[in-house]
Undergrad: 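Below is a structure I'd like to ask you about.
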There are 2 protein chains.
Amino acid sequence: MAHECKVETALDILVGKWKPVILFHIFQKETLRFGELHRLVPDITKKMLTTQLRELEYHDIINRKVYAQVPPKVEYSITEYGKSLTPLLESMHQWGVSHIEHLDEIYGEDQMENNK
Amino acid sequence: MAHECKVETALDILVGKWKPVILFHIFQKETLRFGELHRLVPDITKKMLTTQLRELEYHDIINRKVYAQVPPKVEYSITEYGKSLTPLLESMHQWGVSHIEHLDEIYGEDQMENNK
DNA sequence: CTGGATCCACTTTGATACTG
DNA sequence: CAGTATCAAAGTGGATCCAG
């Protein structure tokens, strides 16, 4: 167990139906309340939003700050450590963009519905 | 629809319970037969190995070369295009490695069973 | 407002046996 | 050798309702 492939370690943290979008918004806004996030990603249910956030929090990617007040207020933000993901996410995004172009070359630009 | 987040595009291709390991081996060996791969990843079933390989093939990451002979012989290899994944996989691996170290700092090195 | 708790549908993976 | 086919098990996400 010296230095095998740890790609999965990174994947574990990024994978989740909504994590990329969530991270996208939190990275962009620096800090967001639960409800704000929910409005930015309307299709997600509160349950999923909660669990995905908790997982990211568990991995120390985002902070969860609870204000002791009524009504409740909870703010999510990127941790310092979480920022170390920036170059990786950027790389993945870039590769994704070029991959879409590659698909054009292969299958032609006709059937672009594939990229929902 | 100019240039939203395409992180998911990359994830779609890399995600799969066995894809990272499979890619790891194919990248390393350049070309592998079905049975060889299976021996390198013993826990996977033939069914899963087949489907994961087909998905990678569909995305033009690997080649599938069938030799018309008996008994059958099929070789898998990285496509030229697939090689464009190298830096990304390397980045993910690196981040994964450092993340494991980060976990040590946070939770201590005691409960390392978490990294199965 | 920010969740937690349940229940259910759908998807993914696995076990096993069979085939050209 | 390199798969397919079939069925069962497990995992995941969604709908809905409840709560501090």
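This is a predicted model, so every value here is computed, not measured. Convention: sequence-line order gives letters A, B, ...; per-chain numbering from 1.
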Undergrad: With a 4.5 Å limit on heavy-atom distance, are the side chains of Leu88(A) and Met92(B) in contact?
TA: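 Yes, their side chains come closer than 4.5 Å.
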
Undergrad: Expressed in angstrom and rounded to an integer, what is the separation of Arg54(A) atom CZ from dG4(C) atom C1'?
TA: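 In whole Å, dG4(C) C1' and Arg54(A) CZ are 9 Å from each other.
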
Undergrad: When the distance from CD of Glu57(A) to C1' of dG3(C) is rounded to whole Å, what number comes out?
TA: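 It is 13 Å, rounded to the nearest whole Å.
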
Undergrad: Calculate the interatomic distance between His38(B) atom NE2 and dA15(C) atom C1'; express it in whole Å.
TA: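 About 12 Å, once rounded to whole Å.
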
Undergrad: Measure the shortest side-chain to side-chain distance between Leu56(A) and Tyr76(A) over non-hydrogen atoms and say whether it is less than 4.5 angstrom.
TA: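 A side-chain contact is absent here, since even the closest heavy-atom pair is not under 4.5 Å.
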
Undergrad: Take atom NZ of Lys73(A) as the centre, draw a 6.0 Å sphere, and report whether it contains more than 12 heavy atoms from other residues, nucleotides or ligands.
TA: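 Check passes, neighbour count above 12.
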
Undergrad: Mind checking what makes ring pair (Phe, Tyr, Trp, His ring centres under 6.0 Å) contact with His25(B), not counting sequence neighbours?
TA: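 Applying ring pair (Phe, Tyr, Trp, His ring centres under 6.0 Å) to His25(B) gives none.
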
Undergrad: Show your working on side chain to side chain contact (heavy atoms under 4.5 Å, CB included) between Gln94(A) and Lys6(B) and close with a plain yes or no.
TA: CA-CA 7 Å; Gln94(A) 285 305 329; Lys6(B) 295 304 180 192; over 6 Å; no

Undergrad: Mind calculating the distance between CD1 (Ile22(A)) and P (dT2(C)) to the nearest angstrom?
TA: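 For the pair Ile22(A) CD1 and dT2(C) P, the rounded distance is 14 Å.
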
Undergrad: Starting from C1' on dT11(C), measure out to CG on Asp12(B) and report it in whole angstrom.
TA: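 Computing the Asp12(B):CG to dT11(C):C1' distance gives 15 Å.
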
Undergrad: Are more than 12 heavy atoms from other residues, nucleotides or ligands located less than 6.0 Å from atom CD of Glu80(A)?
TA: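 Count not over threshold, so no.
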
Undergrad: Return a single string for nucleotides 13-20 of chain D, one symbol per nucleotide in 5' to 3' order, where B is base contact, S is sugar-phosphate-only contact and - is none, cutoff 4.0 angstrom on heavy atoms.
TA: SBB----B

Undergrad: Return the nearest nucleotide to the side chain of Arg64(B); candidates are dG4(C), dA2(D), dT2(C).
TA: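 Given the options dG4(C), dA2(D), dT2(C), the side chain of Arg64(B) is closest to dA2(D).
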
Undergrad: Over all strands shown, is Tyr76(B) touching base, sugar-phosphate only, or nothing at heavy-atom distances under 4.0 angstrom?
TA: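 If one applies the 4.0 Å heavy-atom cut-off, Tyr76(B) turns out to touch the sugar-phosphate alone, with no base involved.
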
Undergrad: Does a side-chain N-to-carboxylate-O contact under 4.0 Å join Lys29(B) and Glu36(B)?
TA: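 No, no charged N to carboxylate O under 4.0 Å.
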
Undergrad: Let me test you: for the helix from dC1(C)-dG20(D) to dG20(C)-dC1(D), what is the angle between the axes at its two ends (five pairs each), rounded to 10 degrees?
TA: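 The helix from dC1(C)-dG20(D) to dG20(C)-dC1(D) shows an end-to-end axis angle of 50°.
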
Undergrad: Would you mind reading off the distance between Arg33(B) atom CZ and dC1(D) atom P, rounded to a whole angstrom?
TA: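 Computing the Arg33(B):CZ to dC1(D):P distance gives 8 Å.
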
Undergrad: Report yes if some heavy atom in the side chain of Ile22(A) is under 4.5 Å from a heavy atom in the side chain of Leu49(A); otherwise report no.
TA: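 Side-chain contact under 4.5 Å: yes.
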
Undergrad: Report the distance from atom CD of Glu75(B) to atom P of dA2(D), rounded to the nearest whole Å.
TA: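 One finds 9 Å between P of dA2(D) and CD of Glu75(B), rounded.
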
Undergrad: Do His99(A) and Tyr81(B) have their ring centres less than 6.0 Å from each other?
TA: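 For His99(A) and Tyr81(B), the ring centres are under 6.0 Å apart.
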
